[in-house]
2 protein chains.
Amino acid sequence: MKPQQQSHALAYCGAARDILTIIGAKWSVLVVSLLEERAKRFSELKREIGDVTQKSLTTVLRELEKDGIIERVVTPIVPPRVDYSLTPLGRSLLVPIKSLRIWAMENHPAIVQSRSRYAEKEAA
Amino acid sequence: MKPQQQSHALAYCGAARDILTIIGAKWSVLVVSLLEERAKRFSELKREIGDVTQKSLTTVLRELEKDGIIERVVTPIVPPRVDYSLTPLGRSLLVPIKSLRIWAMENHPAIVQSRSRYAEKEAA
DNA sequence: CGGTATCCGGTGGGATACTG
DNA sequence: CAGTATCCCACCGGATACCG
């Protein structure tokens with residue numbers, strides 16, 4: 001009930017944290033990015049990511065599915081085939097992700113530098 | 001060394017994860033947002049956030065400082081006074097954060113809905 | 001192929017108490 | 001006022017093994 005900035009910042013806090021919980025998951029952003037091109041199978045994603053366990057990948061995919069970010073289509077053949085694709089919601093998520101990615105690419109060096117500067121100060 | 005999409009997506013993976021580690025911290029985005037207006041003291045931030053412990057807030061502030069997102073200015077008086085402000089790097093971070101915030105506000109309802117739909121399916 | 005089940009170690013973050 | 005210092009626990013994510 002306080003004026004201006006405070007209530008404003010706290011207002012979107014819940015939603016923002018929710019979103020960060022989603023894209024904060026270790027592989028979620030990468031998965032969504034990899035699905036930008038086209039729908040992909042489980043094994044494709046696993047292969048392209050490389051160092052991710054089946055369990056971790058499955059977990060992320062399930063979460064993204066629950067949140068309506070991706071769609072999971074099972075084709076009941078032998079052997080089973082499962083395709084993952086972005087929903088419209090998922091595709092819209094690419095916008096803020098791209099914004100984040102651009103910032104990351106531009107400023108990552110500065111952050112690394114800042115960290116090492118800090119480490120030096122500590123050593124001294 | 002693979003072609004096209006894969007190496008591209010994996011290329012910014014490291015940097016992106018680094019950034020997500022930063023803004024994924026529970027209170028970091030809120031802190032940065034609160035500092036947009038002006039520099040603030042420790043107690044101000046704590047009061048405005050409300051449900052955060054001193055330790056948690058201190059931890060986040062230290063991390064953001066290490067990464068060069070915020071600046072910590074100590075005024076050695078009694079009682080001590082410490083002001084936190086955004087660095088240029090921190091201010092630039094407001095851009096992707098805003099992008100994320102906008103997306104969150106617009107799509108949070110859809111996500112909540114998707115989750116409850118999922119919960120229903122599970123119950124059945 | 002695309003999972004689930006189980007175990008398990010590291011860590012983020014809260015509660016609480018003390019300090020310069 | 002603005003912190004440290006502990007303790008502690010939930011949960012995330014990796015390893016491994018098994019299944020339809």
Side-chain angles (χ1 to χ4, degrees), chain A residues 13-14 16-32 34-35 39-67 70-85 118 121-122, chain B residues 13-14 16-32 34-35 39-67 69-85 115 118 121-122:
Chain A
C13 176
R17 286 251 80 256
D18 246 36
I19 288 0
L20 285 167
T21 301
I22 295 174
I23 70 171
K26 191 159 183 184
W27 305 105
S28 57
V29 167
L30 187 51
V31 165
V32 171
L34 287 172
L35 288 178
K40 286 176 183 174
R41 303 182 58 174
F42 184 91
S43 49
E44 281 187 279
L45 291 171
K46 178 155 168 42
R47 192 177 337 107
E48 292 187 2
I49 296 176
D51 57 342
V52 64
T53 61
Q54 279 185 341
K55 181 199 166 186
S56 298
L57 184 54
T58 300
T59 304
V60 175
L61 291 170
R62 287 286 183 281
E63 284 307 307
L64 292 174
E65 190 197 358
K66 276 188 207 170
D67 295 332
I70 65 175
E71 192 186 10
R72 180 170 178 269
V73 178
V74 181
T75 310
I77 58 174
V78 186
R81 177 192 179 97
V82 183
D83 289 273
Y84 294 93
S85 59
Y118 191 92
K121 267 203 315 188
E122 248 187 350
Chain B
C13 176
R17 288 251 77 255
D18 246 36
I19 288 0
L20 284 167
T21 301
I22 296 174
I23 69 170
K26 191 160 183 183
W27 305 106
S28 58
V29 167
L30 186 52
V31 165
V32 171
L34 288 172
L35 288 179
K40 285 176 183 173
R41 301 183 60 173
F42 184 89
S43 50
E44 280 187 280
L45 291 171
K46 177 153 170 43
R47 193 178 335 111
E48 293 187 2
I49 296 176
D51 57 342
V52 64
T53 60
Q54 279 185 339
K55 180 198 165 185
S56 298
L57 183 54
T58 301
T59 305
V60 175
L61 291 170
R62 287 286 183 280
E63 285 307 307
L64 292 174
E65 191 197 357
K66 276 188 206 171
D67 295 332
I69 307 291
I70 64 175
E71 192 186 10
R72 180 169 177 269
V73 177
V74 182
T75 309
I77 57 174
V78 186
R81 177 193 180 99
V82 182
D83 289 272
Y84 294 93
S85 59
R115 280 183 189 158
Y118 191 94
K121 267 202 317 188
E122 247 187 350

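For clarity, every value in this text was computed on a predicted model and none was experimentally measured. Labels below follow one simple rule: chain letters A, B, ... track the order of the sequence lines, proteins then strands, and each chain is numbered from 1.
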### Message
In this structure, how many angstroms lie between the P atom of D/dC12 and the CG atom of A/L61, rounded?
### Response
16 Å
### Query
Going from CD on B/E65 to OH on B/Y84, what distance comes out if it is rounded to the nearest 0.5 angstrom?
7.0 Å
### Message
I'd like the 5' and 3' limits of the part of DNA chain C contacted by chain B, with heavy-atom contacts below 4.0 Å.
### Response
C/dG13 to C/dG20
Per-pair distances, 0.1 Å, donor-acceptor, side chain in residues 20-27 of chain B, under 3.5 Å, sequence neighbours excluded:
residue: B/T21; atom: OG1; partner: B/R17; partner atom: O; Å: 2.7

### Query
Considering residues at least two apart in sequence or located in another chain, which fulfil the salt bridge (Lys or Arg N to Asp or Glu O under 4.0 Å) criterion with B/E71?
none
### Query
Between A/R62 and B/Y118, which heavy-atom pair has the shortest distance, and what is it?
CD-OH, 4.4 Å
### Carboxylate-amine/guanidinium contact B/E63 B/K66, below 4.0 Å
yes
### Summary
d(A/K40 NZ, A/K46 NZ) to nearest 0.5 Å is 15.0 Å
### Query
To the nearest 0.5 Å, what is the distance between CG (B/D67) and CD1 (B/I19)?
8.0 Å
### Query
End-to-end bend of the helix from C/dC1-D/dG20 to C/dG20-D/dC1 (five-pair axes, 10° rounding)?
50°
### Query
Which atom pair, heavy atoms only, marks the closest approach of B/R41 to B/E44?
N-OE1, 2.9 Å
### Query
Is any side-chain N or O of B/Y84 closer than 4.0 Å to OP1 or OP2 of D/dC1?
no
#### Entry: Distance in Å, B/E48 CD paired with B/L35 CG, rounded so as to fall on 0.5 Å steps
9.0 Å
### Message
Show every side-chain hydrogen bond (donor to acceptor under 3.5 Å, both in side chains) that has at least one partner inside residues 73-83 of chain B, sequence neighbours left out.
### Response
B/R81-B/D83
### Short side-chain N/O contact to D/dG3 OP1/OP2 from B/T58, under 4.0 Å
no
### Query
To the nearest Å, how far apart are B/L45 CG and D/dG3 C1'?
14 Å
### Message
Treating primed atoms plus P, OP1 and OP2 as sugar-phosphate and everything else as base, which nucleotides of nucleotides 13-20 of chain D get B, S or - for protein heavy atoms under 4.0 Å?
### Response
BBB----B
### Task
Calculate, to the nearest 0.5 Å, the distance between atoms OG and CG belonging to B/S28 and B/L57 respectively.
11.5 Å
### Query
Looking only at side-chain N and O atoms, does B/R72 come under 4.0 Å of OP1 or OP2 in D/dG3?
yes
